[in-house]
Amino acid sequence: MSLDEKEDVEKEGGTWQPVTAIASLPSNTSPLYTDRWTRKLLSYGVESQGIQPVPVEERTDTQFSKIFFLWFSWNVNILTFSAGTLGPAIFGLGLRDSCLTILFFNIICCAPPAYLATWGPKLGMRQMVISRYSFGYYGIIIPCILNLVNMCGFSILNCILGGQALASAGNGNLSWTVGIVVIAIISLLVSFCGYEVLNWYEKVSWVPVLITFIIALGVGGKHLSNPPLAEPATAAGVLGFAGTLAGFAITFSSLSSDFTTYYRPDVSGWRIFGYPFAGLLLPIVTLQCLGAAVVISAPSIPAWEQGYAGGNIGGLLEAMVRPTGGFGKFLAVLLSLSVAGNIAATFYSISLNIQIFIPPLVVVPRYVFSLVATAIVIPISIVGAHRFYDTIINFLGLIGYWASAFIAIIILEHLVIRHNDPAEYLQYDLDDWDTPRRLPSGIAALAAGIASFGLVIPCMSQVWFTGPIAKTTGDIGFEVAFGVSAVLYLPFPLLEIRILGHV
C-alpha cells in the first residue's frame, strides 16, 4: 500500500484534518505517538520513523543528488579545516607531506562509508540494524555504545569550534559557552524534524560556508604562497597523522545507510557509492589541505598568531577574514554555523542508535532522543572547550581502531558469508531484524573484534601510550585492526558452529 493510500483522516473539533505522517508509525505504537502534540508534529512533517525497516513501497525517493549534498555539506565546516591543522601542529609535518597524507589516506578511508551507504536502498534498514546480521541482536549493543561515544564526540568537537568562532565574531561580548549553546540549539531544531528537513537543510547550508572559505582564501591566500621549510617527514609522523585522519573519515561508516533507506531499491549501487564518496572526499581533502597551509603560515602573521592563541581555530579563521572589516564578522558567524549541519545529521543518527542500544525504547518517538543528545553534548562541550587540541587528538586517534575492526567484520559478513547478493539480498531475511533467536549470536563478530586488539594495542601510538611496535613503525593501529579482524572473522563463525551447533 502506498503512502497516499495509507493516509488517515482525523475528525477533531468538527473539521477534518489529514494526518499523513501517521502512516509511518511502527506497529508497536506507544501512547507517546497518540497524544495531540505528537499528532500535530507529524502533520507538520516531523519524521516519526525510527529503526523499523522502511517497507519497499515507501522507498520511493529518486532525488539521488541529495546524497551528495548531505555528505558534502556535512564536511564543509571548520572541523574539517581543523583536522588538517593537526599534521603540522601536532605531528610536525610540512605542507607537502601533510597534503599528500591527506589525499591518499582519505581516498582509502572515504570508500567504506560510501560502500555501506549502498545497502540502505536495498535493505531499507539503518546501519546498526543491518549490523545485527553480523553482531546479533544483543552483541550489536557493544559497537552501538562505541558508536554513540563516537557521534557524541564529533558533536562536542563541532560545538566547541562553532562556539569559538561565534565568540570570536562577537569581539569578546559573547562567551564560548553561549556560542556552544547557540550552535547546539540550531542543530537540534534541524535534527528534530528528521529526514526531509535534514536533507533540505544540507542541500543549501553549504553554499554560504563555501563562499566564506573562498573569501578567506582570497583575503589571506597571499600569505600561503611561501610556506616555511619543514624538517623531513618521519614514518611515525605520517602514520600518526594518517591514523587521526582515519578516525575522522572512516567512522562515518557506522551511520552510512541511515540516510539512504528511503531511496528506490533498484538504483545502481555504483551511483549510490559515487555520491557519498565524492561528497566526503572533495571537501575533506580541500579543507584539510587549507587547514594545514594556514596553520603553517600563522606564526609569521601576527594577527593570525594572536587569533590562533591556545589552539583557537575559530579565532584563526576570524583573523583571516578580519581585513574585510565589519563584513568579516558576518563571515565569522557563517563559519561558526557551518558545523550545525554536521551536528544535526549526527544527532539524527544518535537518536536511532539509542533505540538499538536499548531496544525497548523503539516505542519512543525518534525525535525525543535528539533532545537527549543535545542535553549530553552541551555541558561536555563547555567543559572541554579550552582543551580542544588535546580533546581532538585523543578522540580521533582512538575511535579509528574500533571503527576499522567493525567495518572489516560487517563487510566480510556481507561479501563472503552472505555472498554479496546485490539483486534481492536474499541472504538477509528482513523479517528477522528484531528477533534475537533468528539472528546470529554475535559471538564470532565480537570475538574477532576484541581479539584483534591483542595486536592493535602494541601498534598504538597515543599521547598517553605508545606500544612497542609503534615505537618503531609509528601508529599503525587502525590498519592492523582492519586486517586482523578480517582474518579472524573468517574461521570464527565455522568454529562457533562446530562448538555451539549454530551461529
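When reading the values below, keep in mind they use all heavy atoms of this one structure, side chains included, and skip hydrogens, waters and symmetry mates. Note that the structure is predicted; figures quoted are calculated from it, not measured.
- Using a distance-only test at 3.5 Å, with no hydrogens or angles considered, no donor-acceptor pair links the side chain of Ser73 to the main chain of Leu70.
- Ring pair Phe277/Trp71: centre-to-centre distance not below 6.0 Å.
- One finds the CD1 atom of Ile272 at 12.0 Å from the OG atom of Ser256 (value rounded to the nearest 0.5 Å).
- Using a 4.5 Å cut-off on side-chain heavy atoms (C-beta onward), Phe248 and Asn75 make contact.
- Side chain of Asn342 to main chain of Trp74: a donor-acceptor pair is present (N/O by atom type, distance under 3.5 Å, no hydrogens or angles).
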Inset, instruction - Begin with the C-alpha distance, continue with both residues' side-chain angles, and end with the deciding distance and a verdict on side-chain hydrogen bond (donor to acceptor under 3.5 Å, both in side chains) for Gln288 and Asn106. - result: CA-CA 10 Å; Gln288 285 182 352; Asn106 276 304; 3.0 Å; yes
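- Of the residues Val339, Ile343, Leu337, the one that meets the side chain to side chain contact (heavy atoms under 4.5 Å, CB included) test with Ile186 is Leu337.
- Between Phe72 and Phe68, the ring planes lie parallel to each other; the angle is under 30°, not in the 30° to 60° tilted range.
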Inset, instruction - Begin with the C-alpha distance, continue with both residues' side-chain angles, and end with the deciding distance and a verdict on side-chain contact (heavy atoms from CB on, under 4.5 Å) for Asn353 and Phe357. - result: CA-CA 6 Å; Asn353 272 246; Phe357 170 40; 5.9 Å; no
Inset, instruction - Let me see the working for Ile457 and Phe465 under side-chain contact (heavy atoms from CB on, under 4.5 Å), right down to the final yes or no. - result: CA-CA 9 Å; Ile457 291 173; Phe465 173 77; 3.8 Å; yes
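- Nearest approach of Ile476 to Leu239, heavy atoms of both residues: CG2-CD1, 3.6 Å.
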Inset, instruction - Decide yes or no on side-chain contact (heavy atoms from CB on, under 4.5 Å) for Cys193 and Leu198, but give the supporting numbers first. - result: CA-CA 7 Å; Cys193 296; Leu198 181 64; over 6 Å; no
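- Of the possible polar contacts, one joining the Lys122 side chain to the Pro265 backbone as a donor-acceptor pair under 3.5 Å is found.
- Proximity of a side-chain donor or acceptor of Ser452 to a complementary backbone N or O of Ser485 within less than 3.5 Å is not detected.
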Inset, instruction - Applying salt bridge (Lys or Arg N to Asp or Glu O under 4.0 Å), run through Lys66 and Asp61 and close with a yes or a no. - result: CA-CA 10 Å; Lys66 292 191 300 187; Asp61 199 341; 2.7 Å; yes
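- A donor-acceptor contact shorter than 3.5 Å is absent between the side chain of Thr85 and the backbone of Phe81.
- The side-chain tip of Arg418 points at the ring of Tyr428 from less than 6.0 angstrom away and within 45° of straight on.
- Between the side chains of Gln63 and Tyr263, not a single donor N or O lies within less than 3.5 Å of an accepting N or O.
- Note: Ile409 CD1 to Ser134 OG = 8.0 Å, rounded to the nearest 0.5 Å.
- Closest approach of Ile51 to Leu352, counting heavy atoms only: CG2-O, 3.3 Å.
- Between the OG1 atom in Thr62 and the CG atom in Asp266 there is a gap of 10.0 Å [rounded to 0.5 Å].
- Within the 4.5 Å cutoff, side-chain heavy atoms of Thr244 are placed close to those of Phe91.
- Here the side chain of Thr466 pairs no donor or acceptor atom with the backbone of Ser461 at under 3.5 angstrom.
- For the atom pair CZ (Phe347) and CG (Leu371), the distance works out to 10.0 Å, reported to the nearest 0.5 Å.
- Considering every non-hydrogen atom in both Leu116 and Ser253, the closest pair reads CD1-O, 3.5 Å.
- For the residue pair Gly162 and Ile183, the shortest heavy atom distance occurs at C-CG1, 3.8 Å.
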Inset, instruction - Kindly indicate, with the supporting measurements, whether the criterion side-chain contact (heavy atoms from CB on, under 4.5 Å) is fulfilled by Val197 and Phe192. - result: CA-CA 9 Å; Val197 173; Phe192 186 88; over 6 Å; no
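- When only modelled atom types and interatomic distance are considered, Asp475 and Tyr401 share a side-chain donor-acceptor pair under 3.5 Å.
- In this structure, the side chain of Asp258 engages the main chain of Gln127 through a donor-acceptor pair within 3.5 Å.
- How far CD1 of Ile185 is from CD1 of Ile180: 12.5 Å, rounded to the nearest 0.5 Å.
- With contacts defined as side-chain heavy-atom distances shorter than 4.5 Å, the pair Arg132/Asp434 qualifies.
- Remark: the backbone N or O of Met125 is paired with a side-chain donor or acceptor of Ser257 at under 3.5 angstrom.
- Thr435 places no side-chain N or O within 3.5 Å of a backbone atom of Arg437 that could act as its donor or acceptor partner.
- Between Ile356 and Val129 there is a side-chain heavy-atom pair separated by less than 4.5 Å.
- The shortest side-chain heavy-atom distance between Pro359 and Tyr137 falls under the 4.5 Å cut-off.
- Taking all atoms of both residues into account, the shortest heavy-atom contact from Leu280 to Pro113 is CD1-CG, 3.7 Å.
- Between Phe406 and Phe135, the distance separating the two ring centers is shorter than 6.0 angstrom.
- For the pair Tyr348 and Phe259, the minimum side-chain heavy-atom distance is below 4.5 Å.
- Between Val456 and Val484 there is no side-chain heavy-atom pair separated by less than 4.5 Å.
- Note that OG of Ser351 is 12.0 Å distant from CG of Leu361, once rounded to the nearest 0.5 Å.
- Between Phe252 and Phe154, the angle of the ring planes stays under 30°, which puts this pair in the parallel group of the 30/60° scheme.
- Between the Thr80 side chain and the Val76 main chain, no donor and acceptor come within less than 3.5 Å of each other.
- Of all the heavy atoms in Tyr133 and Glu413, the pair that sits closest is O-OE2, 3.3 Å.
- Summarising the local packing, CZ of Arg438 is surrounded by more than 12 heavy atoms from other residues, nucleotides or ligands at distances under 6.0 Å.
- Thr261 is listed as a side-chain neighbour of Arg126, based on a closest heavy-atom distance under 4.5 Å.
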